[in-house]
Amino acid sequence: MGENSAVGGALPRIPGGIEVYAGEDGAVTWSGVELTTDVMRELQAGPWAERAGDLAATRDIVTELRSLATTDMETAFIGTLLATEPEPKDWQYGEALAEVLLEHWHGAVWLWDGARDRRTRKASLPGADLVGLCVADGSATLLFGEVKSSSEAKSPPQVVTGRPDGMIEQLKRLTQINDHMTLLKWLRHRCRTEEHISAYQTAARRFIGSAGKDFRLFGCLVRDTAPLATDLSGPAAELAKTVVEPMHALLTAWYLPIAKATWPTHASAGVGDGG
């Protein structure tokens, strides 16, 4: 989804949440974080909805289309066209939240909004949910990952442990070479600045120098339930059987104080009309 034009640049910081559990198993670290009122307030101020709806791109194209309109009828048609844009689904809000928090808390850099690759308004794109760079300590690594949202009372929820499409199984597949060339090409051709290209080449150099093992893997679980360490402790142990250094994986669960059904309303409360 998201896009960040800066690499390693200063971002307005979203305050940290409250870590309620954490652990480490080999090259896999895992943690659960409660999102506080302050975090939710900052998210509501704009970044969550902006990312979920790719609102900046919508504003840009609507401004351009309106500049091309020469009659009131054409201007009205642009409004009709804009109204056909579907509202993001709750899982899209989960992915958007992951991108915002990884960007602010874990040095993630998104070179392109993946939603722009859709060719139908109802499409859910195949492949990794998260494709970007992780910039820290003056270097960059490739970043691949998956995001799941769940209200299920069971711990861990089925979206994490299910086969073949639970988060852990998807992350295991991302450790394998099968899709790496496709992801490398996708990412490289979305580098639009010299800074992006330089960071990408640093990450790619580390990747090929390690025979495809030096990259960051993120598994993000977005919940509206009470925090339970069992959401991630068992899955982390399972993933640790596959992830070995220099690869590193982070499993993180974020616990929101609002029900999943209300995420769109909360996220959009601080954002004006995108048209």
Side-chain angles (χ1 to χ4, degrees), residues 1 21-33 89-99 101-102 106 108 110 114-115 117-118 123-134 141-187 207 210-225 227-255 260:
M1 283 189 177
Y21 61 79
E24 187 172 344
D25 197 329
V28 178
T29 57
W30 48 280
S31 69
V33 176
K89 304 288 192 297
D90 55 13
W91 61 266
Q92 291 172 301
Y93 278 98
E95 289 185 6
L97 180 70
E99 290 187 347
L101 295 183
L102 290 178
H106 295 283
W110 313 114
D117 292 327
R118 295 184 188 129
S124 174
L125 291 169
D129 294 330
L130 303 171
V131 183
L133 301 172
C134 187
T141 54
L142 298 172
L143 182 165
F144 306 139
E146 298 290 348
V147 183
K148 299 293 183 183
S149 301
S150 177
S151 297
E152 186 181 7
K154 178 185 174 184
S155 177
Q158 183 69 15
V159 294
V160 173
T161 59
R163 297 173 184 268
D165 293 321
M167 184 169 71
I168 297 304
E169 292 302 309
Q170 290 178 324
L171 291 174
K172 286 180 181 179
R173 289 195 289 272
L174 280 175
T175 68
Q176 300 167 3
I177 197 171
N178 305 53
D179 291 327
H180 287 173
M181 189 62 188
T182 298
L183 295 174
L184 283 166
K185 287 195 298 182
W186 186 93
L187 196 59
F207 184 76
S210 63
K213 299 299 183 184
D214 191 355
F215 64 92
R216 294 296 305 273
L217 198 62
F218 283 88
C220 305
L221 176 62
V222 189
R223 296 279 257 160
D224 60 355
T225 60
L228 291 171
T230 49
D231 279 348
L232 294 182
S233 57
E238 177 64 24
L239 185 61
K241 298 175 184 177
T242 301
V243 174
V244 294
E245 293 185 345
M247 191 187 308
H248 288 89
L250 171 66
L251 297 183
T252 183
W254 294 305
Y255 297 92
K260 184 180 174 185

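In what follows, residues are counted from 1 in the order of the sequence shown. In what follows, every heavy atom counts, from backbone to side chain, and hydrogens, waters and symmetry copies are set aside. A quick note: this is a predicted structure, and the numbers were derived from the prediction, not measured.
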J.: Can you list the residues that meet the side-chain hydrogen bond (donor to acceptor under 3.5 Å, both in side chains) rule with Asp25, with sequence neighbours excluded?
T.: none

J.: Checking Thr182 now: which residues fulfil side-chain hydrogen bond (donor to acceptor under 3.5 Å, both in side chains) with it, not counting sequence neighbours?
T.: none

J.: Within the structure provided, determine whether Met181 and Lys185 are in side-chain contact (heavy-atom separation under 4.5 Å).
T.: yes

J.: Check side-chain contact (heavy atoms from CB on, under 4.5 Å) between His180 and all other residues, then give those that pass, not counting sequence neighbours.
T.: Phe144, Ile177, Phe207, Phe215

J.: Name all residues meeting the side-chain hydrogen bond (donor to acceptor under 3.5 Å, both in side chains) criterion together with Ser210; count only those two or more places apart in sequence or in a different chain, and write none if there are none.
T.: none

J.: Are any non-hydrogen side-chain atoms of Val222 and Trp91 less than 4.5 angstrom apart?
T.: no

J.: Just jot down the side-chain hydrogen bond (donor to acceptor under 3.5 Å, both in side chains) partners of Ser155, sequence neighbours excluded, or say none.
T.: Thr230, Asp231

J.: Donor-acceptor pairs under 3.5 angstrom involving side-chain atoms of residues 233-246: please list them, not counting sequence neighbours.
T.:
{"from": "Ser233", "atom 1": "OG", "to": "Ala229", "atom 2": "O", "distance (Å)": "3.3"}
{"from": "Glu238", "atom 1": "OE1", "to": "Lys241", "atom 2": "NZ", "distance (Å)": "3.1"}
{"from": "Glu238", "atom 1": "OE2", "to": "Lys172", "atom 2": "NZ", "distance (Å)": "2.6"}

J.: Testing the basics here: between Phe218 and Leu102, what is the closest heavy-atom pair and its distance to 0.1 Å?
T.: CD2-CD2, 3.5 Å

J.: Applying salt bridge (Lys or Arg N to Asp or Glu O under 4.0 Å), which residue pairs with at least one partner in residues 141-164 are found, sequence neighbours left out?
T.: Arg163-Glu169

J.: Please list, chain by chain and in numerical order, all residues satisfying salt bridge (charged side-chain N to carboxylate O under 4.0 Å, His left out) with Asp165, sequence neighbours excluded.
T.: Arg173

J.: Heavy-atom count around Lys213 NZ within 6.0 Å, excluding the residue itself: above 12?
T.: no

J.: I need the minimum non-hydrogen distance between Leu171 and Gly219, along with the two atoms involved.
T.: CD1-CA, 3.8 Å

J.: What are the two closest non-hydrogen atoms of Tyr21 and Ala253, and how far apart are they?
T.: OH-CB, 3.5 Å

J.: For a quick test of reading the model, state the closest non-hydrogen atom pair linking Ala128 to Leu174 and the distance between them.
T.: CB-CD2, 3.9 Å

J.: State, with a plain yes or no, whether a side-chain heavy atom of Leu143 is found less than 4.5 Å away from one of Val131.
T.: no

J.: For residues Thr29 and Glu24, report the shortest heavy-atom separation together with the two atoms involved.
T.: CG2-CG, 3.8 Å

J.: Suppose we screen for side-chain contact (heavy atoms from CB on, under 4.5 Å). Which residues come up paired with Thr141, at least two apart in sequence or across chains?
T.: Cys134, Arg206, Asp214, Arg216

J.: Main chain of Lys89, side chain of Gln92: is a donor-acceptor contact present, judged purely on distance under 3.5 Å?
T.: yes

J.: Do the non-hydrogen side-chain atoms of Ile168 and Thr161 ever get within less than 4.5 Å of each other?
T.: no

J.: Closest heavy-atom contact between Leu232 and Ser31?
T.: CD1-O, 3.4 Å

